[in-house]
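For reference, the structure discussed in these notes is given below.
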Amino acid sequence: MGAVSGTAEVLRWEIPSLFRWLGVIDAALQEVGQELAWEREELNEVSVAVIEAVSNAIEHGNRFEPARSVQVELRASGRHLRFRVSDEGPGFASDRLDQPTPSPESPEFMMSRGRGLFIMRDIMDAIRIQREAGRFVVELDKELKAPVGTGH
Amino acid sequence: MGAVSGTAEVLRWEIPSLFRWLGVIDAALQEVGQELAWEREELNEVSVAVIEAVSNAIEHGNRFEPARSVQVELRASGRHLRFRVSDEGPGFASDRLDQPTPSPESPEFMMSRGRGLFIMRDIMDAIRIQREAGRFVVELDKELKAPVGTGH
Amino acid sequence: MNIKVREEEQVVIFDISGRIMGGPDSETFHNLVKENIAHGKKQILINLGKVNWINSTGLGILIAGYTSVKDADGQFKLVNISDRIESILMVTKLSGIFESFDSEAEAVASFGS
Amino acid sequence: MNIKVREEEQVVIFDISGRIMGGPDSETFHNLVKENIAHGKKQILINLGKVNWINSTGLGILIAGYTSVKDADGQFKLVNISDRIESILMVTKLSGIFESFDSEAEAVASFGS
Ligand SMILES: Nc1ncnc2c1ncn2[C@@H]1O[C@H](COP(=O)(O)OP(=O)(O)O)[C@@H](O)[C@H]1O
Ligand SMILES: Nc1ncnc2c1ncn2[C@@H]1O[C@H](COP(=O)(O)OP(=O)(O)O)[C@@H](O)[C@H]1O
């Protein structure tokens, strides 16, 4: 059965703050995408964006402290996806999200770091940051283009 | 790096109560097992036991109500694993865990249901049930036989 | 769970894919078994090559099928068992009940004997 | 990330496997690139066939390698890109920077040209 319209399916994951656990989030995402019959290219893109958010939460948020957790929540209602990725760190100022993505012609284009937020913003429809219950939360919305299949 | 002895790595998952989400738990478990370099046969067995616990939580605990969640927690400290699988249902009486596993010679051996708890008990070292914060929790312990490798 | 049915030298082969985990699959599977028995086709081979995993409810489906076929004096066997499925068959000691094979050719040849 | 290095007709091939996600991998990779440049080996092909995925920190590793090789008047190319890696290269527009190939033979033949 596809997602019942109106109600959201909610899934959550929590990992220690080490890059080694990124694969667990990724494997789960691939499985969710298959189960909900997301189109392959959209699944690829969405997972790239989420992995960026989780990578940042691990590195910048929790500074690789394994005792600090990164949490990922997905709410899927039909074609609408909302991811919430949270960490225990200080977060960043929201004006960082307003900077334009460097164009291939600009000198910064070949920078080796600093691409994560641009990737998330370019793939997802909306990105918001907020503080909630002592955690820093990055919220990512995406409306899937392709009609969602039956999943079975 | 292997798990630092003394500290546990904690991972958590939460799914709606539908069998379709079993695959997400399974995919994550396979990835954890690979990352922590569990021996293949032990990974197979442990995942069989955990899938049984989650199947029961979905079916008997939450009665396939998608709005009710099943939570899985894994604490891995070196070779010691502790899984906690919880649901929002009434649970069952603990004497159920004392019944002996039917032998291949007994007439009940070919029963088509009623194998889950036996499987969990036969695979894991210990199984405990408890009520906690309004949830019914099945706790499964396993000491891996094989020395845990480096995982990288 | 998906099931495709074909025949090979009097043996009915069920190619199963996906996960075997009970629910509505149970009835689908059992109806297929009963239909075949009703048509006198009692040599049934279950190809598990494309099954990722199975839980105990799914095992129950196989057991019910086995029992029905056995009761009709037929044979019910398994082929292409992954190491994960092997694990659950070992733990439950059901590996002593289900005759199983590594290759389809071997399995098909074994029927009637 | 694991790297194995081999040579094919003057082209140094890095067979990478696992995940490229920054951290200590970054230095390992960059040292290998610099070593090869120092030995006059400036035709470098990165085989990503066994890479499951890459995050932006991992991309940064490839970019740093590309830049070093380019600065030494060499060539740095990619081969065997999965659709997941293609996704991240497209989104970042880096697919316009990295020359990439579907087969190793094609890729190797392209060097020097
Ligand atoms: N979860 C987070 N917590 C704190 N700071 C963050 C977080 N995510 C991003 N940042 C800040 O935003 C900057 C840009 O992030 P990003 O675009 O992903 O590039 P990079 O990770 O390569 O620096 C980071 O360097 C960091 O300062
Ligand atoms: N999480 C649970 N909540 C409530 N009851 C449960 C739970 N797990 C198991 N049970 C009870 O224990 C019984 C035996 O479970 P099990 O051995 O897994 O076999 P089966 O699921 O095939 O009945 C179930 O039928 C149910 O009554």
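Convention: sequence-line order gives letters A, B, ...; per-chain numbering from 1. Just so it is clear, the values below take in all heavy atoms, side chains as well, and ignore hydrogens, waters and symmetry mates.
- When heavy atoms are compared at a cutoff of 4.5 Å, Ile51(A) approaches chain D solely by way of its side chain, counted from C-beta outward.
- Annotation for Ile97(D) and Met110(A): closest pair CG2-CE, 3.8 Å, computed over non-hydrogen atoms.
- Closest approach of Leu22(A) and Met21(D) over heavy atoms only: CD1-SD, 3.7 Å.
- Within the 4.5 angstrom heavy-atom criterion, atoms from both the backbone and the side chain of Leu94(D) approach chain A.
- No part of Leu43(A) comes within reach of chain D, as not one of its non-hydrogen atoms sits under 4.5 angstrom from that chain.
- Heavy atoms of Phe118(A) lying under 4.5 Å from chain D are absent altogether.
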Only pairs under 3.5 Å, no angle test: what donor-acceptor pairs are there between chain A and chain D?
| residue | atom | partner | partner atom | Å |
| --- | --- | --- | --- | --- |
| Asp26(A) | OD1 | Arg84(D) | NH1 | 3.2 |
| Asp26(A) | OD1 | Arg84(D) | NH2 | 2.7 |
| Asp26(A) | OD2 | Trp53(D) | NE1 | 3.1 |
| Asp26(A) | OD2 | Arg84(D) | NH1 | 2.9 |
| Asn44(A) | ND2 | Asp83(D) | OD2 | 3.4 |
| Ser47(A) | OG | Arg84(D) | NH2 | 3.2 |
| Glu52(A) | OE1 | Ser56(D) | OG | 2.6 |
| Glu52(A) | OE2 | Ser56(D) | N | 2.5 |
| Ser55(A) | OG | Asn55(D) | ND2 | 3.0 |

